[in-house]
*Asks:* 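Dropping a structure here in structure tokens format, bear with me for questions.
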Amino acid sequence: MAIRTYKVTLDSKNSIAPEPVFLRQGDKTGAVVIDATLMDNGSPVSLSGLTPMFKANTADGQAVIADSAGFSIVNASGGEFNYQVPNALSSVPGKIVTAYFSFSNSSGSESTFDVPFVISSAVDITQKQAEDYITIIDGTINSLSDKIDRLNIDLQNILDNYSSGDFYNKAQTDSKDSATLSNAKLYVDSSISSISSVPETFPDLASIKAKYPNGANGVMVAADNGHKYIWNGTIWADSGIYQAVGLAESQITSKSVSSIASGDVFISEIKDADKNSWNDLNQTLTFSFDPRTGSFSATTPSGSMPNTGIMLDVQRKSGDYDLIFTNVNSNLSILAAYILKKDGTLLNQVGNAFAGGVTNGTATIHISEVSLSSIAIGDTFRVLINVKSVDAGGKQVTGNVRLLRSGDISLKGADSLNGSLAKIHDYIDNVGLIKNNIVVDTLWTKWFSDANYQTNSDGSLTFWSSETGDPGPMFPITSPLFNGSIVYIYFEIKKVSGSAAGVKIQLVNNNINTNPSAGFRIADPINVKVSNDWESYIVPIQLNDTWLVQDLSNNFAIISAIRGTDNKMVLRNVAIMHSVDPSINMQIETANISSTNSIVEFSNGLRKGEFLNSDSLASPLPKVHYVTPVNSVVDNGMCLDSITVNLKTAENVTFAIGVLDQNNLLVPSRTFTLNLPAGQKTFIFQQDIPIPAGNRLFMECHNQGVLYQSSSRTENILVQDEDHSFNQNGYSGYQFYTSSLMSPFSYRVRNSKIESEVKNISDNVVTMQSDLSSLKSGTNVFRSPSGKRFAINVNDDGSISTVSLDPKKMFVYGNSLTVGFDGFGMAASKEANDWVHLVAAKIRETNSDFSFSVMDGRDWESSTTSADRLSVLNNKVAAQLPSDADLVIIQLGDNINTADKLSSYADDAKTLVNWFRQKLPNARIVWVAQWFSDQLIPIAEAACNERGALLCDISKYDRDPQYKSAVGNVWTDREGVQHTIDNPGVALHPGDLGMQMIANTVLNTLRID
């Protein structure tokens, strides 16, 4: 039965979506029913002749729902129908914004506006994960699976009978009734000859019955639903969709089966729980906790002490923790969390939640690794949760709590970068900015008390002076600072009036109140330019040796207007953030001196406290594109920590992470765009954004059109502009060159905080993929009596054929990884060690007649239009393509490194695969992607999926230095002459170990063992 029914009117005149449909994670199909009426501008739409379909994405966007099985037509002429919401839609909690109904007939399909769904979390952590739920395709797959299962049973019966001797030999078989065999052959021939290979088409099933009431041979197709009907001797049987999309070899991958993400596995770290009276041991508490679900109930005593403490025991592990609350009821007024030693010694408060009462019942308190620094790994510590009810006690507070190790290992594109910056606002709004053990200070006192200060109703502060002073609020820093400390000042500000250009950020000590003449600064001040619009700033200030004579035990941060007349500023959302553990920031200082891999800074030689030198002059470069510091990242496992940018105008700025190839051309692996204001800004990235060894961060400066020059010494930078173009040997683009100009940005990298978690999960994924591959190969590989291997292939017309898994002739179309050195793979030590020759050697172990040829495809990559790329195929490739090749390997895409090359690449990739498919319809096609620019792999994958080719993903080996070559390595050409690699771009190509890994991956994709 349905536990909830929603009535929804789907009217074309109303573009406003109805109220959300609510489900619980794990609800079965039909638990929620939608009673819907389809209308057009107030008039019912007849459903006669229409095929309804429900389409949606799951809440995480990882799976597709396409369901035609859950509909019941209530009143066709009145547009009324019922729909049972499928279980697959509720597999992932969250809000679904893409969900709608579509209705189709022979003329096409139309769809409604989106119907929002909200999937509430379930207590049960064993809910199965989201996977594609497409009822039409599922039916086809099940039907094909049943047929294969029956075929396997028949084959096994034959083998069993053969093994037991229960069969006729040839002489016995020949002696059987030849007349019976002859009659059977005549019957079959007659039946087959009467079956038309071209189906007859009718408007609907009724028309088929009208013409052939007693049946007929052949296939009849009904146009109203696209189904084929076959006479079974009694009735016209519905045999499903007539031209369903065929499943190509290996198209069902592990991604289609299921996916397990680290964020989907919630295992609480709580060992035990107990109740604790808050400050009064005589208070009587009622408390319960279920460690299996995290469900808790705490009833506060009536009277004057309405607080209850829930004590959680946790075994310390490395890393941060998140204390997560869900389903908390409205009896709670506030909740705070504290860290204690096992003996009950209070260490610190780590945060609070539900201040002002419960709204959605969900909150998270972050516990940083540094706040647990006094607890040894493996020892038990305690988390005390102080629960306060809405009145003087006697209320039952219920909910769920779990403690999780922090760490999100997924990076899903450019949106997550801007999302990281947006989270800073969320943390401050919730007064919960306790990330990475920083303390947040937001109280303030007046600096220049005779000035004017006005607190506004929205919480902002307006300050000004009619004199020429520099007033502003002064914020106390509540824990001692030390040499090497970094203080981050976050604020939003705008100028209302006055002549001041901006505000001055100062770190001072208590001398400013007691004895200013003795000196009060403890760091270089920083000036921030302010506009008449709201802008947000993150200003890092690091203490250094210059100010060591000052007392660092009682400190303040001042945000004051730079001297001017009638300067009026409005300030809001201030957070002063600093570490409470000296060891953290001392690591930063040590890294800058000794170049350890904790923090690496690319500062371009700029002086502390300023970004551009005071004597810098603008140097117009209207054709400049990307710039980057001259040094690349040295250590592996590094991530982007922060970017400092100085812009003359606000704009959307593109950044790229990548390498320079042997021609000093940029090969980006990832790009993202940030919306940046004018002036100097530093942005700190909370999420791990990998920058592998040998890579750099590049900034696009085209819109700024200017770099800077200075008489002071600065480090060199690398610049890309349109005056340094390159086009040789199939490579084209703008080359980078060394310049003494100053970069408008700098960046820092740090160690990945979750490197070990990634490795553990990656190892598990590899194991799962291996198991799935074994299962896959076991169900779709067949051997002939002579031992030859074949795979089943479903063609576009629905027919089934076989494909040999033992190739005879191979054609490889690739770039420098294939034909870079003397006709073989660049950076391989010799011809026999490149990936193509390794693959060929393996195949020849079982087929000595195997042959292959390779062709340089870099002219296809360097083309910038679809017409040019098609011309390369027709005029060059066609002349060298063997007509009897049964295996084609494409290894292209690494040199798609400019906007004009990328503009038509997605369409051209499909054309490329389709061109080979048309030339060699019976050949297997494999696309090897990609050593550089792994962000383009989805384009190759889409091209493969569309035409039944196989994708061979090699991108993981480029991220590990052990698989690359190195400057100083030696390679030998075909004449036996040795050469030394002296170009860093060449050294980024795969070495012998990398070539072997590529070959292994290709062989696994081809199922050659």
Side-chain angles (χ1 to χ4, degrees), residues 125 262 265-281 285 287-298 307-326 328 334-354 363-388 397 399-408 427 432-440 478-480 577-587 753-754 756-757 760:
I125 67 172
S262 64
V265 182
F266 299 109
I267 302 175
S268 181
E269 297 287 339
I270 299 172
K271 292 173 53 181
D272 198 4
D274 198 1
K275 62 187 178 183
N276 181 75
S277 299
W278 190 254
N279 294 335
D280 188 351
L281 298 179
L285 309 175
F287 169 78
S288 64
F289 177 77
D290 186 347
R292 297 169 300 176
T293 63
S295 175
F296 71 86
S297 174
N307 292 329
T308 294
I310 304 173
M311 193 76 77
L312 309 176
D313 288 346
V314 183
Q315 185 178 28
R316 169 77 196 284
K317 298 178 182 178
S318 62
D320 297 0
Y321 290 86
D322 285 314
L323 190 63
I324 300 176
F325 297 90
T326 55
V328 178
I334 192 169
L335 177 151
Y338 301 81
I339 300 297
L340 297 85
K341 291 184 177 180
K342 185 178 182 181
D343 61 8
T345 302
L346 180 64
L347 294 177
N348 50 57
Q349 179 179 351
V350 291
N352 56 57
F354 304 112
T364 299
I365 295 177
H366 187 77
I367 303 174
S368 72
E369 184 174 26
V370 178
S371 65
L372 303 172
S373 58
S374 60
I375 309 295
I377 301 294
D379 287 353
T380 297
F381 68 94
R382 313 197 85 181
V383 179
L384 176 61
I385 304 173
N386 173 219
V387 178
K388 185 175 182 179
V397 178
N400 295 80
V401 60
R402 57 180 178 268
L403 187 70
L404 305 180
R405 302 273 302 286
S406 300
D408 178 5
Y427 290 144
L433 195 53
I434 316 296
K435 193 78 171 174
N436 294 329
N437 191 49
I438 51 182
V439 176
V440 180
T478 55
S479 66
M577 302 164 279
H578 52 93
S579 172
V580 299
D581 187 342
S583 63
I584 299 302
N585 286 338
M586 288 303 290
Q587 290 176 5
K753 293 180 290 189
I754 54 172
S756 59
E757 286 85 349
N760 291 338

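These values consider heavy atoms only, across backbone and side chains, with no hydrogens, waters or symmetry-generated copies.
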*Asks:* Between Asp379 and Arg316, does at least one N-O distance fall below 4.0 Å, as a salt bridge requires?
*Replies:*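 Judged by the 4.0 Å cut-off on N to carboxylate O distance, Asp379 and Arg316 do not form a salt bridge.
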*Asks:* Is any side-chain heavy atom of Phe325 closer than 4.5 Å to one of Thr364?
*Replies:*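 No; the side chains remain at least 4.5 Å from each other.
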*Asks:* Which residue, Ile365, Ile385, Val328, Val383, forms the side-chain contact (heavy atoms from CB on, under 4.5 Å) with Val401?
*Replies:*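 With Val401 as partner, Ile365, Ile385, Val328, Val383 yield a single side-chain contact (heavy atoms from CB on, under 4.5 Å), made by Ile385.
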*Asks:* Can you tell if the side chain of Leu323 reaches within under 4.5 Å of the side chain of Leu312, non-hydrogen atoms only?
*Replies:*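 Yes, close enough: below the 4.5 Å cut-off.
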*Asks:* Are side-chain heavy atoms of Leu403 and Ile367 found at a separation under 4.5 Å?
*Replies:*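 Yes; the side chains approach each other to less than 4.5 Å.
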*Asks:* Which atom names give the shortest non-hydrogen contact between Arg382 and Lys341, and what distance separates them?
*Replies:*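 Closest approach of Arg382 to Lys341, heavy atoms only: CG-O, 3.7 Å.
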*Asks:* Going by the rule side chain to side chain contact (heavy atoms under 4.5 Å, CB included), which residues pair with Lys342 if we only count those two or more places apart in sequence or in a different chain?
*Replies:*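 In terms of side chain to side chain contact (heavy atoms under 4.5 Å, CB included), with neighbours along the sequence ignored, Lys342 is linked to Thr380.
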*Asks:* How would you list, by chain and number, every residue that makes a side-chain hydrogen bond (donor to acceptor under 3.5 Å, both in side chains) with Ser297, sequence neighbours excluded?
*Replies:*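 Counting only residues at least two positions away or on another chain, Ser297 forms a side-chain hydrogen bond (donor to acceptor under 3.5 Å, both in side chains) with Gln396.
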*Asks:* Are Phe381 and Asp313 close enough that some pair of their side-chain heavy atoms sits under 4.5 Å apart?
*Replies:*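 The answer is no, as the side chains (C-beta and beyond) never meet within the 4.5 Å cut-off.
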*Asks:* Please give me the minimum heavy-atom distance between Phe296 and Asn400, naming the atom from each residue.
*Replies:*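 Closest approach of Phe296 to Asn400, heavy atoms only: CE2-N, 3.7 Å.
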